[in-house]
Amino acid sequence: MKESKTSKQLLQELLNQHYEEALEAKKSGELVAWSTSIAPQEFLETMDIKVVYPENHAAAIGARKCAQEFIDNSEARGYSIDLCSYARVNIGYMDIKESVAGNIPMPDFIFCCNNICNTVIKWYENIAKELHIPMILFDLPFNHTYEVPDHSVKYIRGQFENAIVQLEEISGKKFDYDRFKEVMKISSETAKWWKQASNEAAARPSPLNGFDLFNYMATIVCMRGKKEGLNLFKLWAEELHDKAKRKEGPWKDAEEKYRVMWDGIACWPYLSDTYKVLKKNGINMVTSTYPDSWSIIYDSNDLDGMARAYSSNYANRNLEFGADNIVKLVEDFSLDGIIFHSNRSCKLMDFRQYEVQRKVSRRTGIPSVIFDGDQTDPRAFSLAQYETRIQALVEMMEQKKKERANRE
Amino acid sequence: MFLGVDIGSTTSKAVILDSKLNILSASVINTGTGTLGPEKTVKAVLSKAGLNEKEIQYSVVTGYGRMTYQKADKQITEISCHARGTFFLKPNARTIIDIGGQDAKVIRLDEDGRVKNFAMNDKCAAGTGRFLEVMARILDCRINRLSVLSQKATEEINISNTCTVFAESEVISQLAAGVKRENVAKGAHKAVAKRVAGLAGRIGVEPDVVMTGGVALNKSVVDALEQEIKEKVTVLKKPQIVGALGAALYAFEMIDM
Ligand code: SF4
């Protein structure tokens, strides 16, 4: 009998497979796309075009602690230190083409969606120019209104339709609408299970060690439209659900004392350092703004719904939504505190961080801290400073707990 | 007897309290992290109080070097310790501005002296004692005379760069263009105040505003800060030892509870 795999094992296998398939495809002359992390991959999946995600790859390079080489390369070629470090790593990789963190094939075209930020437009445009390859751009305007306005939906839908034509031209193949319907269905299903799994962390103690979110994230980016992805997240959700039923916490050797959310990207080069400081203090990161970023859920065959869903991610929504979203997380996940990563790379995320912090603290009264870091540039983080902030957060959370206990 | 030690980047401080919370002795040594400074300051504070190590019932260490100092019973962040020390000396304090050698922080307190929120700058030397040291060097002035120099200013110049390295070259070209040293000195103090006021603005300023840390001894910074945040700024008597005092108060609570 075949032993059933855990979702963690499956996760690693799927990631390896994802990169191998892309490299294989390139070798045999098939098309390969480079895509941003929350792009409508449904179109590519429908056309069976292999795709890799430079943000994922750059994160992997960061986590393997070898980002500096790539950063130095792109900076030496004139890219500013103020540019997002994912971009600097990726642009460096285009030149070096070799990393211990794994390799990716060079792209035949670019698939870029600016619902995460506008940096990606210029970053990918540069790649397209340098490699003389076509670029498909989805311009998803920032939502200054609370909900995505209808005119944006119309505008985005038009671009979706146009992308199909562009893809047909680039690949020389016809777009299969039946298959598209199927892929839409799988993608929404996968997203639902991803959300479901991350919601299991609402249990007390949380069965999920939140830093795992960072690992599973790589697969929700690249496997969302695939059956394997769907199965993975289903399995993960079930595992967590069972664990919660058994009242098992995030760690075998330590107790979950405080529950926090992490706002922003991980510090990949210091992933385990940042994690250990939290664990040492009994802090479990139970959620972040990530679970919602990929819960892109819509009805199959509903292009308008799909347009709306792709424009509805946290990063593309206004300040009020941003604050409401976190306030809701504080309630749903019974949070004791919030850690904001002021990420030197990501202007978009930092831009409203102070104000979100103010609003959330006013409405929920829970303590929070901001620390300086960077997702992949190892030069922009100090462990001692991080630790001081986390410890100060613990001292504030402890105080609140005591007050609560005194009142009860 | 209760000992509080505060190990900063440029100085080490220590305070001993008796069980009636009287300050028996305090010491400040001009060496920060590393073993030497902290050890010297603890020795000094013990001998001033006429005590030996064994008479200390509990000790708490705080500050940037707290993680590496092994001899204390407990370590607590400088945020909590500054809050505790300040509130003890001045219960009306609601905002603390602490400017040290390498960082600046602003802490908000509630009516019970608990930390409500804080903001810190330490990835950058702007708005810290280090910035003033760099300026003093270019102006060929001893750091403790910089404030006096600035009080002689006849004009207020602006140092527009926040980056210390950029500000350095900006000041050099101003001096070359004939701007007077005292006017530059005044500009430097204002630059620090502006930067810290920005930090304070992030979490809001509520009176009474109290300033702690070594830079509080610099009157020109305090004046400039008052102008920037439009509030009166009170400087505690020995602003440098407030963190160590807070640590000692925590040490007392550990035994008292
Ligand atoms: S990290 Fe921020 S700036 Fe960089 S690609 Fe992502 S959203 Fe854009």
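Chain letters run A, B, ... following the sequence lines, proteins first, then strands; residues in each count from 1.
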* Asked: Do you know which of A:Glu387, A:Glu355, A:Glu395 has the most heavy-atom pairs under 4.5 Å to chain B?
  ->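 Among the listed options, the one with the most contacts to chain B is A:Glu395.
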* To do: May I ask you to check whether over 12 heavy atoms, not counting those of B:Phe166, lie within 6.0 Å of atom CZ?
  =>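 No - once you tally the heavy atoms of other residues, nucleotides and ligands closer than 6.0 Å, there are 12 at most.
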* Got a sec: does the NZ of A:Lys276 have more than 12 other heavy atoms crowding it under 6.0 Å? ->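 No.
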* Contacting region of A:Gln391 [heavy-atom separation from chain B under 4.5 Å] ->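 For A:Gln391, the contact with chain B is made by backbone and side chain together.
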* **Heavy-atom proximity to chain A below 4.5 Å, by part of B:Arg114** =>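 Only the side chain of B:Arg114 comes within 4.5 Å of chain A.
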* Asked: CD of A:Gln385 to CD of B:Gln102: how many Å apart, nearest 0.5 Å?
  ->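 Here the rounded value is 9.0 Å.
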* Heavy-atom contacts under 4.5 Å, residues 69-84 of chain B to chain A ->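 Counting heavy atoms that sit under 4.5 Å from chain A, the residues of residues 69-84 of chain B involved are B:Gln75, B:Ile76, B:Thr77, B:Glu78, B:Ile79, B:Ser80.
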* Could you list the residues that satisfy ring-ring contact (aromatic ring centres under 6.0 Å, His included) with A:Phe142, not counting sequence neighbours? =>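 For A:Phe142 the ring-ring contact (aromatic ring centres under 6.0 Å, His included) partners, ignoring immediate neighbours, are A:His144.
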* Should we say atom NZ of A:Lys65 is surrounded by more than 12 heavy atoms from elsewhere, each under 6.0 Å from it? ->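 Count over threshold, so yes.
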* **Contacting region of A:Val394 [heavy-atom separation from chain B under 4.5 Å]** =>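 It is neither, since no heavy atom gets under 4.5 Å.
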* To do: Determine, step by step, whether B:Arg66 and A:Thr388 satisfy the side chain to side chain contact (heavy atoms under 4.5 Å, CB included) criterion, reporting the C-alpha distance in whole Å, the side-chain angles of both residues, the deciding distance to 0.1 Å, and the verdict.
  => CA-CA 10 Å; B:Arg66 71 187 185 286; A:Thr388 296; 3.2 Å; yes
* Asked: Roughly how far, to the nearest 0.5 Å, is the CG atom of B:Asn117 from the CZ atom of A:Arg362?
  ->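 Rounded to the nearest 0.5 Å, the CZ-CG separation comes to 11.0 Å.
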* CD/A:Glu403 to CG/B:Asp112 distance, rounded to the nearest 0.5 angstrom? ->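 That separation rounds to 7.5 Å.
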* Distance, nearest 0.5 Å, that separates CD of A:Gln353 from CZ of B:Arg202 ->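 One gets 9.0 Å once the value is rounded to the nearest 0.5 Å.
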* **Over 12 non-hydrogen atoms of neighbours within 6.0 angstrom of NZ in A:Lys401** =>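 More than 12 within 6.0 Å, yes.
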* To do: Tell me, yes or no, whether the heavy-atom count around B:Lys90 atom NZ, taken from other residues, nucleotides or ligands under 6.0 Å, exceeds 12.
  =>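 Yes, the 6.0 Å shell around NZ holds more than 12 heavy atoms from other groups.
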* Minimum heavy-atom distance between A:Met396 and B:Lys116, given as atom pair plus value ->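 In this case the closest contact between A:Met396 and B:Lys116 is SD-O, 4.3 Å.
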* **Nearest-0.5 Å distance, CG of residue A:Leu393 to CZ of residue B:Phe118** =>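 So the gap between those two atoms works out to 7.5 Å.
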* Measure A:Ala392 against the heavy atoms of chain B and call it side chain, backbone, both or neither at under 4.5 Å. =>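 Both backbone and side chain.
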